[in-house]
Amino acid sequence: MTLVAGIDSSTQSCKVVIVDAATGRVVRQGAAPHPPGTEIDPEHWWTALRRAAERAGGLADVAAVSVAAQQHGMVCLDAAGRTVRPALLWNDTRSAGAAADLVADLGGGDPAEGARRWAEAVGTVPVASLTVAKLRWLADHEPDAAARVAAVALPHDWLTWRLAGASGPDALVTDRSDASGTGYYQAGTGAYRPDLLALALRRESLPALPRVLAPDEAAGTGTAEAGAPGAVLGPGCGDNAATALGLGLRTGQVFMSLGTSGVVAAVSEEPAADPTGQVAGFADATGAHLPLACTLNAARVLDSAARLLDVGLGELSELALRADPGAGGLTYVPYLEGERTPNLPDATGTLHGMTLTSLTRENLARAAVEGLLCLMADALRAVRDQGADVREITLTGGAARAAAVRETAPAILGVPVRVPEPAEYAALGAARQAAWTLSRHDAPPVWNTAATRTYKAPPDHRTLTRYRTAARSAP
Ligand SMILES: Nc1ncnc2c1ncn2[C@@H]1O[C@H](COP(=O)(O)OP(=O)(O)O)[C@@H](O)[C@H]1O
Ligand SMILES: O=C(CO)[C@@H](O)[C@H](O)COP(=O)(O)O
């Protein structure tokens, strides 16, 4: 049996799956946590990857490995390949002002014109999450560090580079799915936009950027020191592109992931260019596109409600299912980390409709589930507004493990919700890419599909309308 490994270095943890390359059956797996925070020394990702791989029985017997990772994280290297400063992650909002400045700058001072030009140039209007905004923040706030930047990489590029045992920044490679999340790469033409990188860094001499590989192009081979001797390295990809690949989605299909981030994305043959900035024009990991709306708040809304109520996640779900739809009038707008979609980086959460009768543990649990799903309903609406014909969604990510989420989702989202059996779909997507790279075939291998269950319910317009009213008054 030929084994391949898929790695998902996501926000909260690193997951490794080792699968049979012929069928996609998971043979072994392991995971290791990442430290909390939105600024992190990439060395922690490497330690977690090594630990997760060890827990999965090691990589010594795998023929190919691919790394998927959280998108956008700014990894700045000096000329010797050392990190210049800790990486700033996708959910670090200090770059919100820098993003707004970049939009205005490209528009000659007019933000609406700037948004239009960014959408046209790279398919995405910068928000705090994008690498380009983080680089502008660095240039403005840490000019000495910015001056030492010889190369800029993303989390998956950097981890692939470590697996290959490379040392110089010139050896960095990436793929179009992750490059499309930088804000200085256009997925439609497959070209970097050095002018936009220069605009961000306010300098003419530009750092090196990873070479963009084709979706099945090998990135080299793993080393013995990295624990993967001789394994073919796939190009890797952004974690959302990996999820689409792991779920085996086809053109026109839409997934929603409720992990640290909340994501709605549609596999598409056409690039997106949304001047409202709600939908990002990302690429997928097969050569197509992945228009995507992403929220800062998702699974951790439920984590925080469970902590507040002093229950586990299973009990939180049971409490929520004991309350009636609408949570007795409690409406929770869960902007706990600010928000990205809508672009409100400084917003905070609010709880509306508290009365002596409504404020129960059950209603509070249900309001957290409904608030999260209403937030996602608006992300879904944004993707639909870009032309996606959404008749059903596939739901995945940690929070999809909650029965209350699965059962409430079709009513709030207004479409049937297909839930595949719980698995690490981003890591599986990376494994599928590794198997594709190894096979040298024209398309990714066809693997056995996961068993799914479809949830249906009449739409709950009332709860969504009440949420939208409450969200409009969020601080
Ligand atoms: N049964 C569950 N109910 C609700 N949330 C869950 C459950 N199991 C895991 N989670 C949450 O899912 C999140 C992790 O999901 P995951 O998709 O792995 O995120 P990421 O890829 O961003 O690290 C955590 O916040 C965790 O608490
Ligand atoms: O910023 C985005 C997508 O634009 C996020 O989806 C990150 O890619 C992090 O993903 P998770 O850790 O939540 O999977």
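As the structure lists them, so they are numbered: ligands from 1, and atoms in each ligand from 1.
Residue-level proximity to ligand 2 for Asn240 is carried by the side chain, the only part with a heavy atom below 4.0 angstrom.
Side-chain contact between Val267 and Thr286 is absent, with no heavy atoms from C-beta onward closer than 4.5 Å.
In this structure, the protein non-hydrogen atom closest to atom 3 (N) of ligand 1 is Ala402 CB, 3.5 Å. At the shortest separation from atom 11 (P) of ligand 2 among protein heavy atoms lies Asp239 OD2, 3.3 Å. Nearest protein heavy-atom neighbour of atom 8 (N) of ligand 1: Gly398 O, 3.6 Å. The nearest protein atom to atom 18 (O) of ligand 1, hydrogens excluded, is given as Lys15 NZ, 2.6 Å; this is a heavy-atom distance. Annotation: atom 12 (O) of ligand 2 to nearest protein heavy atom, Thr11 OG1, 2.5 Å. Annotation: atom 25 (O) of ligand 1 to nearest protein heavy atom, Asp303 OD2, 2.6 Å. For atom 23 (O) of ligand 1, the closest non-hydrogen atom of the protein is Ser10 OG, 2.9 Å. Nearest protein heavy-atom neighbour of atom 11 (C) of ligand 1: Ala299 CB, 3.9 Å. At the shortest separation from atom 22 (O) of ligand 1 among protein heavy atoms lies Thr260 OG1, 2.5 Å. The single protein non-hydrogen atom nearest to atom 14 (C) of ligand 1 is Gln12 NE2, 4.0 Å, given as residue, atom name and distance.
Residues satisfying the salt bridge (charged side-chain N to carboxylate O under 4.0 Å, His left out) criterion with Arg418, sequence neighbours excluded, are absent altogether. Contacts of Arg300 classified as side-chain hydrogen bond (donor to acceptor under 3.5 Å, both in side chains), with partners at least two apart in sequence or in another chain: Glu337.
Put simply, no part of Gln12 is less than 4.0 Å from ligand 2, judged by heavy atoms. Within the 4.0 Å heavy-atom cutoff, Glu424 does not count among the residues contacting ligand 1.
Defined by atom type and a distance below 3.5 Å, a donor-acceptor pair is present between the side-chain atoms of Thr11 and Trp90.
Salt bridge Arg162/Glu43: present, at least one basic N to carboxylate O contact under 4.0 Å.
Tested against Glu339 for a side-chain hydrogen bond (donor to acceptor under 3.5 Å, both in side chains), the candidates Thr93, Asn297, Thr348 yield a single pass: Asn297. Just one of Leu258, Val263, Ile393 meets the side-chain contact (heavy atoms from CB on, under 4.5 Å) condition when paired with Met376; it is Leu258.
Remark: ligand 2 and Arg340 share an N or O pair separated by less than 3.5 Å (distance only, no angle test).
If you check each of Gln71, His34, Arg300 against atom 7 (C) of ligand 2, the one with the closest non-hydrogen atom is Gln71.
When each atom of ligand 1 is checked for a heavy atom of Arg401 under 4.0 Å away, the hits are 1 (N), 2 (C), 8 (N). Here is the list of ligand 2 atoms found below 4.0 Å of a heavy atom in Ser261: 5 (C), 6 (O), 9 (C), 10 (O), 11 (P), 13 (O).
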- request: With salt bridge (Lys or Arg N to Asp or Glu O under 4.0 Å) as the test, would you mind laying out the steps for Glu120 and Arg116 before giving the verdict?
  value: CA-CA 6 Å; Glu120 189 181 288; Arg116 199 191 60 72; 3.1 Å; yes
